[in-house]
2 protein chains.
Amino acid sequence: MHKHPAHGCGCYKERQSRWVEPSILFLLMEKPCHGYELMSALPELGFINGPADPGAVYRTLRHLEKAGLVASAWDTSHPGAAKRLYTITAAGKRHLGLWAESLRRRWTNLGAFIKKLDQAVAQKT
Amino acid sequence: MHKHPAHGCGCYKERQSRWVEPSILFLLMEKPCHGYELMSALPELGFINGPADPGAVYRTLRHLEKAGLVASAWDTSHPGAAKRLYTITAAGKRHLGLWAESLRRRWTNLGAFIKKLDQAVAQKT
DNA sequence: TATTTTATATGTTCGAAACATATATCAGTC
DNA sequence: GACTGATATATGTTTCGAACATATAAAATA
């Protein structure tokens, strides 16, 4: 049993759910990136506190590529370690639209629940 | 590989994250309940579509009880199958307050991300 | 009597984040 | 020239907790 980082209690950590995939698709919608660039941009989206996990990024990229939602090419134009440049595909853009819809539902449901919570907590104080 | 129920695509199902525990604590805040009652009330909170999973409910109740957040007593006053009546404890109420805080952060972050998503999607249409 | 509803409980699988480790190139510095 | 740290990519393993499946039994109802 670990500590819930937000609750500071003995209960489980609060894990996020499906944030890596939509985050990466969003960043690639703005412009093509390589993995390391995505890693440094991810924390600014507000889902994590510390630095992003390379494992999450590169594995998700491979998954997305296998699904045809992003495409990659080795970038050898620059000196230094070889970079793989990822681009979002048309299918990826459509997919991000679906994500936007389902995330919005999630957000609405969560908002309704929080409202109920607030009322309940306020009532019993 | 299964179908994402919302996306209708080949990608993974979108699983929820930590909704059972706060939901149950909330319902017990309103009034003491037994497990079966909670099961039928859960779908109304908007996190699931179909009926609630008994496994999720009873296991969470046991977990919460072990953590001292709820207390239970066998209810033999009524005829019929024996029911275990669950009550939220003072610690449970405090805990629900923490949940409210962290869920609100989640909601705010998600809202900000969705806004960015909308802009990106609108821009590239 | 047979089926459904009420009621509780455990066993197993699975998705995806979290955590850990490995490898190689290049830039700067001591 | 050796050492350190940033850049860059990749895989291995653990963990959490929802999702799915199954088991049991008493009572209500058809």
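All chains are named by letter (A, B, ...) in the order of the sequence lines, taking the proteins before the strands, and each is independently numbered beginning at 1.
Rounding to whole angstrom units, CZ of residue A:Arg84 and C1' of D:dT7 are separated by 16 Å. Atom CH2 in A:Trp19 sits roughly 16 Å away from atom C1' in C:dG15 (whole-Å rounding). As rounded to whole Å, 13 Å separates atom P of C:dT8 from atom CG of B:Leu42. Rounded to whole Å, the distance from NZ on A:Lys83 to P on C:dT25 is 16 Å. Residue A:His63 contributes atom NE2, which lies 16 Å from atom P of D:dA10 at whole-angstrom precision. Atom CG of B:Leu38 and atom C1' of C:dT6 are 14 Å apart (whole Å). Between B:Glu37 atom CD and C:dA7 atom P there is a gap of 8 Å when expressed in whole angstrom units. Atoms OH (B:Tyr36) and C1' (D:dA28) sit 12 Å apart, rounded to a whole Å.
Of the candidate nucleotides C:dA17, D:dT9, D:dA10, C:dA17 has the atom nearest to the side chain of A:Arg18. Nearest to the side-chain atoms of A:Arg62 among the listed nucleotides D:dA10, C:dA7, C:dA18 stands D:dA10. Listed candidates were D:dT9, C:dA18, D:dA21. Nearest to the side chain of B:Asp53 is D:dA21. The side chain of B:Tyr86 sits closest to C:dA9 out of D:dA19, D:dT7, C:dA9.
Residues passing the salt bridge (charged side-chain N to carboxylate O under 4.0 Å, His left out) test with A:Asp118, sequence neighbours excluded: B:Arg104.
Across all strands, B:Val57 comes closer than 4.0 Å to no nucleic acid atom at all (heavy-atom distances). Within 4.0 Å (heavy atoms only), B:Arg59 reaches at least one base atom of the nucleic acid.
In this structure, A:Leu42 CG and A:Phe26 CZ are separated by 10.5 Å, a value rounded to the nearest 0.5 Å. Put simply, CD on B:Gln123 and CE on A:Met29 are 8.5 Å apart, with the number rounded to the nearest 0.5 Å.
The phosphate of C:dA7 has OP1 or OP2 within less than 4.0 Å of a side-chain N or O from B:His34. Here B:Tyr58 does not reach the OP1 or OP2 of C:dA9: none of its side-chain N or O atoms lies under 4.0 Å away.
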Donor-acceptor pairs under 3.5 Å, side chain of residues 55-62 of chain B to any protein atom, not counting sequence neighbours: which ones?
from    : atom 1 : to      : atom 2 : distance (Å)
B:Tyr58 : OH     : B:Tyr36 : N      : 3.3
B:Thr60 : OG1    : B:Ala56 : O      : 2.5

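Ionic pairing of B:Lys31 and B:Glu37 is present here: one or more N-O contacts between side-chain nitrogen and carboxylate oxygen are shorter than 4.0 angstrom.
Where A:Thr60 and B:Pro54 meet DNA chain C, the nucleotide closest to each residue was compared, and B:Pro54 sits on the side nearer the 5' end.
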